[in-house]
Amino acid sequence: MKKYPGESGIVISKLMNVLLIYPESPATFFSFKHALKFISKKAVEPPLGLLTVSAMLPKHWQKKLVDLNVTSLDTDDFNWADYIFISAMIIQKDSVREIVKQAKSYNVRIVAGGPLFTHETENYPGVHHFVLNEAEITLPLFLADLENGNPKRIYKTEKFADISTMPVPEFHLLNKKAYASMSIQISRGCPFKCEFCEIPIIHGNKVRIKSKEQVIQELDAILQFGWKGTVSIVDDNFIGDKRYVKTELLPAIINWMQNHKYPFVFNVQTSANIADDKELMSLMVQAGIQSTFIGIETLSEESLQTSKKVQNRNRDMLLSVIKIQKAGLLVSGGFIVGFDSDTPEVFKQITGFIQQSGIVWAMVGMLNAPKNTKLYRRLKKENRLTSDMTGNNTDYSLNFIPNMDLNLLMDGYNSIVHDIYSDRSYYKRLRQMMINYQPVNYGKIQIDHYYFMGFIKSIYYLGIRNRGQIEYWKFLYWTIIKKRRLFLHGIMFAICGYHFRKIYGINFIKPRN
């Protein structure tokens, strides 16, 4: 039998048909499910993990990707497949159960990895093989055993991979018309140790980062794929290795973007200390980075201290946000209620801050304890855990007994989300953002054409059929008069407001695709 070399150097004898399945996710804050209908897209981002795993499989294997957020499975898919590879997050568990059930009826073997299976291995007896933790380490072990005819059920490691050896994700497996953005990963790990965060558990505190040559190779691949528009950098903290980012990575991206006439705009996640480095923010804007998500979490110094959110302590957070906006970066933020030291005053405090800061995308969630985090272990020791977390940041759930009266906490949380996402408050905050934000045009950055499509639909669904239509037209008029340069940004955020209000339970007319 002819033998083929695998990407890991392992020789694989048999030709395989591999079906890569990404489970369906329910509507969440950042799914933008209801906003995507305005621009005729199915999902925000592609399943980058599966695209990377695909690139690590033997080249001669036949591969097909089915992202259940953009398409569906059929009988031919199961009949064709020798193996099914699934990667999933906790929030996708309902879809995973259905996939496993279907695969069993077709007698197709399943290989599973990702956070859901790492945390809940015992809950999925129908999965044949678990390739857990970092696939760069565990997947070659599985492939070697598969070649020898004796693959084990569980492969796991406590080591962290050298990501400088990662292959370019196989973007060609995607239907690019289905997505609002592409995505790349540049680094793993975060130098901070927040008690409630699972990133240090999954990826470690040491920041591992790709070489600038790797990053440029991936940008080339996305461009060759035919993509122009938004690219999300999915790192948990883009500035985790600030020195390298400033001195090597960003200059390389700036040079590439200039040479290719700025085909992309980037979104990132950073810590709040980005506000302390004016040069870094300038380089980011020059590289085409348009926005950053920051975990603000709480304004209480006591809660910051007990949760070990040290990077936010002793900081004028409002001033920091405005500095970032004035540097040319849009700011979205995450907020949490339910810390042990929270008092009833926290609800008005967070609401007021969100409105003053002009953080349009303000993701407010109830505190939850992911498995194996420091918070989880502490609450377990205190006998306060009640259930597994759902992974949904908008479903009004928490998985432990809070110090604050539960009804008071729920009412306070509800008051925040309804105050900040009412039509009047939302458009007022949007205007504040446009006052604070000072975009810097370093090149002719591409504008996604679907913004225009969204604008046309917004006139009907937000300006005619929406009960908040007066606020929409007032905002449109104000933008044309005061901030014409940011008109399309304004429309995008107005459409996102529709999504947020749907997520939090306010009914609207449903846009057609």
>> Can you give me the closest heavy-atom contact between L223 and P263, atom names plus distance?
In response: CD1-CB, 3.8 Å
> Excluding sequence neighbours, so at least two apart, what forms side-chain hydrogen bond (donor to acceptor under 3.5 Å, both in side chains) with E45?
Replying inline: S232
> Does anything in residues 327-336 pair up under salt bridge (charged side-chain N to carboxylate O under 4.0 Å, His left out), and if so which pairs, sequence neighbours excluded?
Replying inline: none
>> Keeping N399 on the side-chain end and A369 on the backbone end, is there a donor-acceptor pair under 3.5 Å?
In response: yes
> Any chance the side chains of S458 and Y472 put a donor and an acceptor closer than 3.5 Å?
Replying inline: yes
> Which atom names give the shortest non-hydrogen contact between F335 and A362, and what distance separates them?
Replying inline: CE1-CB, 4.0 Å
>> With heavy-atom distances below 4.5 Å as the criterion, would you say the side chains of P439 and V285 are in contact?
In response: no
>> More than 12 heavy atoms of other residues, nucleotides or ligands under 6.0 Å from NZ of K33: yes or no?
In response: no
> Are Y376 and F196 close enough, and set up right, to give a ring pair (Phe, Tyr, Trp, His ring centres under 6.0 Å), and what steps lead you there?
Replying inline: CA-CA 8 Å; Y376 184 91; F196 53 82; over 10 Å; no
> Minimum heavy-atom separation for K309 to C194, with atom names?
Replying inline: CD-SG, 3.3 Å
>> My understanding is that only residues two or more places apart in sequence, or in another chain, count here; which of them pass side-chain hydrogen bond (donor to acceptor under 3.5 Å, both in side chains) with Y413?
In response: none
> Among L50, V70, T71, N175, which residue meets the side-chain contact (heavy atoms from CB on, under 4.5 Å) test with L65?
Replying inline: L50
> Taking it one step at a time, do Y179 and D67 satisfy side chain to side chain donor-acceptor pair (under 3.5 Å)?
Replying inline: CA-CA 11 Å; Y179 298 95; D67 180 352; 2.7 Å; yes
>> Check for me whether the distance between the ring centres of F500 and F29 falls short of 6.0 Å.
In response: yes
> Can you check whether S25's main-chain N or O pairs, donor with acceptor, with N69's side chain at less than 3.5 Å?
Replying inline: yes
> Does K278 have any side-chain contact (heavy atoms from CB on, under 4.5 Å) partners at least two apart in sequence or in another chain, and if so, which?
Replying inline: none
> Any side-chain heavy atom of Q92 sitting closer than 4.5 Å to one from E24?
Replying inline: no
>> Under 3.5 Å, is there a donor on one side chain and an acceptor on the other for S303 and S341?
In response: yes
>> Pairing donors with acceptors under 3.5 angstrom, does anything connect the side chains of S425 and D419?
In response: no
> Closest approach of E170 and S54, non-hydrogen atoms and distance?
Replying inline: OE1-OG, 2.5 Å
> Looking at P169 and T52, what are the two nearest heavy atoms and their distance?
Replying inline: CG-OG1, 3.6 Å
> To the nearest 0.5 Å, how far apart are OG in S95 and CG in L68?
Replying inline: 5.0 Å
>> For residues 351-371, which residue pairs pass the side chain to side chain donor-acceptor pair (under 3.5 Å) check, not counting sequence neighbours?
In response: Q355-R429
> Among pairs that include at least one residue of residues 390-413, which meet salt bridge (charged side-chain N to carboxylate O under 4.0 Å, His left out), considering only residues two or more places apart or in two chains?
Replying inline: none
> To the nearest 0.5 Å, what is the distance between OG1 (T373) and NZ (K193)?
Replying inline: 15.0 Å
>> Can a donor-acceptor pair be found, under 3.5 Å and without considering hydrogens, that links the side chain of D423 to the backbone of E471?
In response: no
> Of all residues at least two apart in sequence or in a different chain, which pass the side-chain contact (heavy atoms from CB on, under 4.5 Å) check with N255?
Replying inline: N259
>> With rounding to the nearest 0.5 angstrom, report the CG to CG distance, L318 to L299.
In response: 9.0 Å
>> Listing request: all side chain to side chain donor-acceptor pair (under 3.5 Å) pairs with a residue in residues 330-340, at least two apart in sequence or in separate chains.
In response: D340-R378, D340-R384
> What residues, two or more places apart in sequence or in another chain, satisfy side-chain hydrogen bond (donor to acceptor under 3.5 Å, both in side chains) together with Q224?
Replying inline: none
> According to the interplanar angle, ranging from 0 to 90°, do the rings of F475 and Y427 count as parallel (below 30°), tilted (30 to 60°) or perpendicular (above 60°)?
Replying inline: tilted
>> Test of understanding: with side-chain contact (heavy atoms from CB on, under 4.5 Å), list the residues that count as partners of V168, not counting sequence neighbours.
In response: F171, Q217, E218, A221
>> Looking at L406, I want to see if its CG is surrounded by more than 12 non-hydrogen atoms of other residues, nucleotides or ligands under 6.0 Å.
In response: yes
> Any idea how Y421 and Y426 line up, ring-wise: parallel (<30°), tilted (30 to 60°), or perpendicular (>60°)?
Replying inline: tilted
> Hey, what's the ring geometry for H499 with H34, parallel, tilted or perpendicular (30° and 60° as the breaks)?
Replying inline: tilted
>> Under a 3.5 Å threshold, yes or no: a donor from one side chain and an acceptor from the other, between S291 and N267?
In response: yes
> Can you tell me how far CD1 of I359 sits from CD1 of I354, rounded to the nearest 0.5 angstrom?
Replying inline: 7.0 Å
>> Suppose the criterion is salt bridge (charged side-chain N to carboxylate O under 4.0 Å, His left out): which pairs have a residue in residues 480-494, not counting sequence neighbours?
In response: none
> Out of curiosity, L283 CG to I289 CD1, how far, rounded to the nearest 0.5 Å?
Replying inline: 9.5 Å
>> Going by side-chain contact (heavy atoms from CB on, under 4.5 Å), H260 matches just one of F264, Y262, W256. Which one?
In response: W256
> What pairs with K64 under side-chain contact (heavy atoms from CB on, under 4.5 Å), at least two apart in sequence or on another chain?
Replying inline: L19, V66, D77, W80
>> Side chains of L488 and M492, heavy atoms from C-beta outward: is any pair under 4.5 Å?
In response: no
> At what distance, to the nearest 0.5 angstrom, does CG of N312 lie from CD of Q305?
Replying inline: 13.5 Å
>> With a sphere of 6.0 Å drawn around CZ of R424, does it hold more than 12 non-hydrogen atoms of other residues, nucleotides or ligands?
In response: no
> Is the distance between the ring centroids of F455 and F487 under 6.0 Å?
Replying inline: yes
>> Working note: N237 + S271, criterion side chain to side chain donor-acceptor pair (under 3.5 Å); need CA distance, chi angles, decisive distance, verdict.
In response: CA-CA 6 Å; N237 190 351; S271 43; 3.2 Å; yes
> Is it true that a side-chain atom of Q214 and a backbone atom of I163 form a donor plus acceptor pair closer than 3.5 Å?
Replying inline: yes
> Ignoring hydrogens and geometry, is there a side-chain-to-backbone donor-acceptor pair from H203 to I199 under 3.5 Å?
Replying inline: no
>> Show, in sequence, the C-alpha distance, side-chain angles and deciding distance for E302 and S300, and conclude whether the side chain to side chain donor-acceptor pair (under 3.5 Å) test is met.
In response: CA-CA 5 Å; E302 186 177 356; S300 164; 5.2 Å; no
> W478 side chain to R431 main-chain N or O, any donor-acceptor pair under 3.5 Å?
Replying inline: no
> Which is it for T292 and T270 under the side chain to side chain donor-acceptor pair (under 3.5 Å) test, yes or no, and what are the steps along the way?
Replying inline: CA-CA 6 Å; T292 180; T270 64; 2.7 Å; yes
>> For D235 and Q269: C-alpha separation, side-chain torsions, deciding distance, then whether side-chain contact (heavy atoms from CB on, under 4.5 Å) applies.
In response: CA-CA 7 Å; D235 305 12; Q269 300 179 79; over 6 Å; no
